[in-house]
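Just so it is clear: chains get the letters A, B, ... in the order the sequence lines come, proteins before strands, and each one is counted from 1.
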Amino acid sequence: MTSPPPEEEKVADEHDTLRYSLLGPSLTKSGQDNVDQQKVSEIIYNASKGSKYFENEKSRDKNLTQKIERILSTKKQLEKLDLASDRRKADDFIAELELTRDLSQTIVHIDCDAFFAAVEELDRPELKDLPFAVGKGVLTTCNYHARKFGCRSGMAGFVAKKLCPQLIQIPLNFDKYTSKAQEIRELIVDYDPRFESASIDEAYLNITEYCQKNDISPEEAVEQLRREVHEKTKITISAGIAANAKLAKICSNLNKPNGQFILPSKRPAIMAFMRDLPTRKVNGIGRVFERELDAIGVKTCGDIYTYRQFISKLFGEKAFAFLMQCYLGLGRTSVQPAEEYERKSVGTESTFGEMSDPTQLREKLRATAEELEKDMIRTQFKGRTLCLKIKLHTYEVFTRQTIPPKAVYLADDIYKFALPMLSKLEHEFPGMKLRLLGLRCTHLASMKKPDTMAFFGFKKRPTPDSPEVGETMSPPPKRKVELLSNTTEEEEEQWQKWPDELLFEDAERQEREDEYQELEFLSQEIDKRRHHGKEILPNPTPKKVLEEKESREESIEEEWWDCPICNRPQAQDERSFNEHIDLCLSRQTIRDAVQESADNDRARVVVREATPTNKRRTRNEKRDKSGKVGDPKQRRLFFG
DNA sequence: GCGGATCAC
DNA sequence: TATGGTGATCCGC
């Protein structure tokens with residue numbers, strides 16, 4: 001790539017990259033090892049050729065090729081300069097990162113093998129020996145028979161049929177997968193009550209404590225877990241065991257299906273492992289970044305070190321930090337229930353036959369708004385920002401956003417504020433033909449929060465069996481002490497944004513009061529018949545805790561923890577207990593503040609200083625202050 | 001803050 | 001014959 005290739009070669013090269021791109025994003029997945037990729041890509045290419053989809057992919061590929069040319073030309077310029085300081089900067093950064101290495105935890109990533117297909121096979125055993133896929137238009141997954149033909153997830157159905165004419169396609173049954181996934185979660189929760197669901201068929205566990213308590217090696221523990229899951233649910237899972245989530249995730253793919261891989265938690269072993277690991281195996285490096293890295297000479301994570309002096313100028317600081325961690329094999333060692341992550345957006349979108357009639361488009365927009373309203377109520381959020389997304393018949397995607405005068409969640413409001421954006425787009429692209437329309441709310445304002453409800457005097461003591469999530473065995477007295485003592489910087493940072501939200505909500509209290517009762521009812525109703533897989537259910541209660549609870553209930557009457565502020569008895573549930581105390585404290589503080597002064601600013605200051613309590617405290621929480629180092633959630637590309 | 005782009009599943 | 005939906009992050013402007 002250093003000297004410009006002759007014209008014919010260049011054309012061939014473009015087609016090669018396009019071919020590669022058309023293979024789809026799941027190329028690195030298992031079950032493809034014995035497949036003739038050359039042949040497969042030829043078939044996909046020919047099946048796609050000439051379609052609008054293909055043309056769009058071609059255009060995207062061309063853009064990427066140009067971007068890579070710019071990267072290479074920048075690199076060439078950089079090579080003329082003295083990069084000693086950049087190299088030193090990288091080395092300093094690497095040294096700093098090295099200090100954060102934590103090899104004390106045992107993290108496991110588990111991944112169900114061809115999950116949807118496996119669940120379907122349970123109901124229809126006759127499928128077992130046939131190639132089949134789940135999903136009609138686009139395959140969500142396929143069994144290992146189908147993979148031998150080159151079929152993979154994300155592939156268009158008709159393309160898959162070209163690869164494998166006998167392929168059977170069956171429709172999605174999301175409810176079935178959700179309930180099967182829940183069965184599995186009820187088993188793995190015994191290995192780590194605070195396990196993290198990464199998706200419907202994946203989870204992270206920290207088994208450090210489990211191994212200690214049961215005097216068992218990580219391999220044995222995971223074999224036992226996998227055996228147990230297989231025996232009780234008939235689903236096979238693969239697992240990776242390593243010192244952090246990033247490595248565990250990579251490892252879970254190495255012995256798929258129905259296998260496990262352990263990477264020893266020793267620095268030399270980890271460094272050697274990363275040195276030869278293709279960049280694409282790392283979660284967060286996709287087809288595009290892989291090509292960009294490849295262009296500058298980085299094929300494996302070990303190569304990152306060789307080119308360390310170029311990376312930040314070529315790809316930015318975030319990518320630099322991310323790649324340095326890849327080189328070192330660093331990743332987060334914390335695992336926490338998915339529901340503890342803060343939601344950032346709620347949205348819905350759908351694809352349909354090409355549509356250009358403005359009236360029809362408005363109907364579609366209206367229907368999308370109705371759909372979004374349901375999701376907003378289900379998740380109990382309002383959006384301060386509303387985003388409209390369209391995909392033209394050419395597959396080009398555009399988004400537009402607006403900030404309505406008030407946070408929205410009702411279909412009427414959503415439609416009202418989305419319509420002008422649509423009209424504007426119609427003006428921008430006269431006679432536009434759409435194949436997709438979507439709406440999304442961001443900058444969310446919560447409308448639930450049990451504390452907010454109670455805060456404003458709305459009824460409702462926590463019932464003993466309300467949320468049983470996150471129940472732990474740690475005793476309450478210890479928590480009281482932490483709670484009433486000093487706060488860390490990190491905590492302040494966390495709850496600083498809270499009073500703003502509170503004031504915002506306060507301003508809207510009036511109009512919301514009428515809505516609460518109905519909303520709560522609605523959200524419960526929607527919850528009941530939900531299950532279309534948009535969300536992950538809260539962690540189940542560990543078996544052990546359930547048993548203890550049962551025996552408690554049989555013998556003595558229910559025990560309670562007394563709230564140190566209001567003295568009222570509370571359910572023995574750390575999470576709800578926390579929430580209750582937070583609520584009591586903030587209510588008390590605000591009353592005090594309001595009494596002292598009617599001045600809003602003053603009240604705000606007092607609130608800020610005196611209620612360091614809104615933050616959810618969890619057992620595992622401590623460091624991560626070094627924000628740059630541990631990514632908050634593994635699936636995110638970078639962190640900040 | 002906005003819009004495009006990438007990524008994961 | 002006709003290539004998905006949900007959610008998150010990063011970058012350049």
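Using a 30° and 60° split on the angle between ring planes, A:Phe93 and A:Phe320 fall in the tilted class, from 30° to 60°.
Atom CG of A:Asn283 is separated from atom P of C:dT9 by 14 Å (rounded to the nearest Å). The CZ atom of A:Phe322 sits 9 Å away from the P atom of B:dA8 (whole-angstrom rounding).
With C:dT9, B:dC2, C:dT3 as the choices, the nucleotide that has an atom nearest any side-chain atom of A:Lys344 turns out to be C:dT9. Checking C:dG4, B:dC9, B:dG4 against the side-chain heavy atoms of A:Thr351 singles out C:dG4 as nearest. Checked against B:dT6, C:dT6, B:dG1, the side chain of A:Val288 finds its nearest nucleotide in B:dT6. Taking every side-chain heavy atom of A:Arg435 into account, C:dT3 is the closest of C:dT3, B:dG4, C:dT6.
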Which pairs would a plain distance check flag for residues 428-437 of chain A, meaning a side-chain donor or acceptor within less than 3.5 Å of a matching protein atom at least two apart in sequence or in another chain?
{"from": "A:Glu428", "atom 1": "OE1", "to": "A:Arg400", "atom 2": "NH2", "distance (Å)": "3.3"}
{"from": "A:Glu428", "atom 1": "OE2", "to": "A:Arg400", "atom 2": "NH2", "distance (Å)": "2.8"}
{"from": "A:Arg435", "atom 1": "NH2", "to": "A:Tyr395", "atom 2": "OH", "distance (Å)": "3.2"}

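Remark on DNA chain B: of its neighbouring residues A:Val282 and A:Arg400, the 5'-side contact belongs to A:Arg400, judged by nearest-heavy-atom nucleotide.
A centroid separation of 6.0 Å or more is found between the aromatic rings of A:Phe310 and A:Phe315.
Residue A:Phe54 is out of contact with every strand shown, counting any heavy-atom pair closer than 4.0 Å. Within the 4.0 angstrom heavy-atom criterion, only backbone atoms of the sugar-phosphate kind lie near A:Glu202; the bases stay farther away. Within 4.0 Å of A:Gly137, counting heavy atoms only, lies no atom of the nucleic acid at all. A:Ser51 comes within contact range of at least one nucleobase, with a heavy-atom separation under 4.0 Å. Residue contacts shown for A:Ser350 are limited to sugar-phosphate atoms, with no base heavy atom under 4.0 Å away. Among the atoms of the strands shown, base atoms are found under 4.0 Å from some heavy atom of A:Arg440.
Within 3.5 Å, a donor on the side chain of A:Ser48 pairs with an acceptor on the base of C:dT3, or the reverse.
The salt bridge (Lys or Arg N to Asp or Glu O under 4.0 Å) check on A:Lys281 picks up nothing, with sequence neighbours excluded.
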